[in-house]
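Contents: one structure, followed by commentary.
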Amino acid sequence: MTGTYRLARITGAAKTAAAPRHRLTARGFAAAVLAGLMLSGAVLVTAPEPVAAQTASTAATDQGIGNVIAEAILARLGTVPDPAIAAYYAARGGQPLWVLSDGAEAGLSENGHLAIAAFAAANDHALNPDNYAPIDLARRADAAATAEDYATLDIDLTRNYVRYGTHLASGRVQPNVVSKALNIFPEIPDPADLLNAVSQSPDFGAYLEGLAPQSPSYARLKQRLAEYRDKAARGGFTHVPAGETLKPGMTDPRLDALRKRMAEEDYLTAAAHTGDVYDGALVEAVKQFQEYHGLTVDGVIGPGTLAEINASITQRLIQMELNMERRRWMPDDLGSTYIFVNLADQVLKVVKNDKTIHTARVVVGKPYHATPVFSRNMTYVEVNPFWNVPQSIAVNEYLPKLIKNPSALSGQNIRVFKGDTEVNPASVAWASFKGTGLPYQLRQDPGDKNALGRIKFMFPNAFNIYIHDTPSKALFDRSERYFSHGCIRVSDPFALGEVLLAAQGYDRAKLEKIKGSGDRQVITLKEPVAVHLTYLTAWMNKDGSTHFRPDIYERDEALLKALARAMRENL
């Protein structure tokens, strides 16, 4: 009988006539896994339909078979490298988690089949199926003939299941290990919770699916990844040759290639544009392409736009896979009302009850002053703020000016303090502090010259990062907006203030009146608002549009290396 062992092989008892009802044969399942994994990365394994839960405790009482396997499991716990798994088996007296028996036979449970099917389909979630050994486990389930075979199979399936569940629920790698700029700490599932679900979940198949992020944004990106893999299988993207900058109204021999390229990514239908003039629907398709790739939307195909057009489909697939990992780091529930800043997109959104109610362009940190990724609660807003100059800026940028001229900063309304006492800058021997920290605080008064503008939004954090106004308004018109020392400058900040404070009676007119007074005023939010600073270089919007952004901080590259190492070493 395929996929089962007989009690006679262990105890000498008589054979039984039939396998347990509802049980798939492991050989048939192994064939399905092997066939699926050989199809160009598109895993087509279908898990068996769930049946009524069968618990390990039931198996343990079936004429002693479960106890024989339990003894074999207990004998191997000293070799299990994961203490949590070893402790779990020890607490249950070694009873198998995936192997069931009835009468004189044992075999892999329905939940075991479901788990191996999930491992085989891990590629759908941009995880590597090989890290969970579905082929090996299916073959071993087919060939198992002794209690020792089933004991090692049960333990190895458990180890791979915990690894798979952890990766799917909280990420393949931990963000703060990849980069200290990624200050988010996903909630890693407790191995005991994962293991308890095997025997206690009324629908284990649904439980396995629920391990993945349940956010619509993750589901959309997973869908788009599958669609782009299909595009890759059909040949990928057409290359558009280099040439002079192509502007609307020009003729160019590259238009056939350009039309094909726009059609391949669904910006243009095949018959929407003909002829040798770059105009009409083709220009509109390129403009949409530019919008979805964070470029200047003008229909002009210069070097920057052409480089994005000629990005390979492999590059786009990698971007989507990396950003599925980033989505696994994020909680499903970001809050009923929250601020979402995508640093790679340089855009801020306010979301309330899953609907975006405000959008604004932002300026983020320069690559060597990269804005970190983290989440905190905004607790207050300050109108007409002081700017307490950070020590790094004071020492690196302002100290050389003060050494040359102690009054250099007075024109910028920057004053010098030691504690609460103002100090005359002309009385300070500034050159003595060259190469050291300053024992003084530089503070800029409120006003139009203030580096923070007229309003700032505070979500206290260890990085001294906040959202604020700026006197440098022209930067918001650029397609690439990374010019700050790390803080986030927001366009039309008083519109943002009204969105956040209207419920407390502060409409725009009232905020503008406070601004006009010149007086510093702190407004505490009655309900703190979550602020999520993220870094996403690929996503799919609710309208079906797919967006990609340049990796301005080279965090895609760092994550790709970390994932490659984790997959290679099966961490």
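The residues of the chain are indexed from 1 along the displayed sequence. Note: hydrogens, waters and symmetry copies are ignored here, and every other heavy atom, side chains too, is used. Quantities reported herein were computed from a predicted structural model and do not represent experimental measurements.
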Classify the side-chain pair [X]/[Y] by whether it contains a donor and acceptor separated by less than 3.5 Å.
X: E480; Y: Y482; answer: yes
X: H485; Y: E397; answer: yes
X: H547; Y: S545; answer: yes
X: R220; Y: Q223; answer: no
X: T546; Y: R224; answer: yes
X: N353; Y: S336; answer: no

> Would the Y278 and H273 ring centres measure less than 6.0 Å apart?
Replying inline: no
>> Using the ring centroid of each side chain, check whether F457 and H468 are separated by less than 6.0 Å.
In response: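 They do not qualify: ring centres at least 6.0 Å apart.
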Could you pull out the closest heavy-atom pair between [X] and [Y], with the gap in Å?
X: R454; Y: K515; value: NH1-O, 3.1 Å
X: V490; Y: A360; value: CG2-CB, 3.8 Å
X: G365; Y: T371; value: N-OG1, 2.9 Å
X: V173; Y: A562; value: CG1-O, 3.8 Å
X: G299; Y: V283; value: CA-CG1, 4.3 Å

> Does the pair I184 and N176 meet the rule for a side chain to side chain contact (heavy atoms under 4.5 Å, CB included), with working shown?
Replying inline: CA-CA 7 Å; I184 47 176; N176 198 243; over 6 Å; no
Quick one: sort the [X] and [Y] rings into parallel, tilted or perpendicular, breaks at 30° and 60°.
X: F463; Y: F374; result: tilted
X: F237; Y: Y228; result: perpendicular
X: F204; Y: Y161; result: tilted

Give a yes or no on whether [X] atom [atom1] has more than 12 heavy-atom contacts from other residues, nucleotides or ligands under 6.0 Å away.
X: E569; atom1: CD; value: yes
X: K473; atom1: NZ; value: yes
X: K260; atom1: NZ; value: no
X: E554; atom1: CD; value: no

Strictly below 4.0 Å, N to O, side chains only: are [X] and [Y] in salt-bridge contact?
X: R229; Y: E321; answer: yes
X: K542; Y: D354; answer: no
X: R139; Y: D142; answer: no
X: D556; Y: K561; answer: no
X: D492; Y: R508; answer: yes

> Checking side chain to side chain contact (heavy atoms under 4.5 Å, CB included) against Y338, which of V351, V350, D333 comes through?
Replying inline: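 The side chain to side chain contact (heavy atoms under 4.5 Å, CB included) with Y338 is passed solely by V351 among V351, V350, D333.
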>> Does T166 form a side chain to side chain contact (heavy atoms under 4.5 Å, CB included) with S170? I'd like the steps, not just the answer.
In response: CA-CA 6 Å; T166 301; S170 60; 3.9 Å; yes
Less than 4.5 Å apart, side chain to side chain, heavy atoms only: is that true for [X] and [Y]?
X: R326; Y: L182; value: no
X: V363; Y: S491; value: no
X: L114; Y: W98; value: no
X: L246; Y: L255; value: yes

> Picking from D345, N342, D551, what satisfies side chain to side chain donor-acceptor pair (under 3.5 Å) with Y535?
Replying inline: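 So the option named by the test is D551.
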For [Y], is the NZ or CZ atom of [X] found under 6.0 angstrom from the centre of its six-membered ring and inside 45 degrees of the ring axis?
X: R316; Y: F548; answer: yes
X: R361; Y: F476; answer: no
X: K349; Y: F340; answer: no

> What's the verdict on side-chain hydrogen bond (donor to acceptor under 3.5 Å, both in side chains) for Y267 and R261, showing C-alpha distance, side-chain angles and the deciding distance?
Replying inline: CA-CA 9 Å; Y267 293 105; R261 176 66 185 85; over 6 Å; no
>> Between T296 and Q290, does the side chain to side chain contact (heavy atoms under 4.5 Å, CB included) criterion hold? Intermediate values first, please.
In response: CA-CA 6 Å; T296 300; Q290 290 172 326; over 6 Å; no
> What's the verdict on side chain to side chain contact (heavy atoms under 4.5 Å, CB included) for L525 and L501, showing C-alpha distance, side-chain angles and the deciding distance?
Replying inline: CA-CA 7 Å; L525 274 67; L501 295 167; 4.1 Å; yes
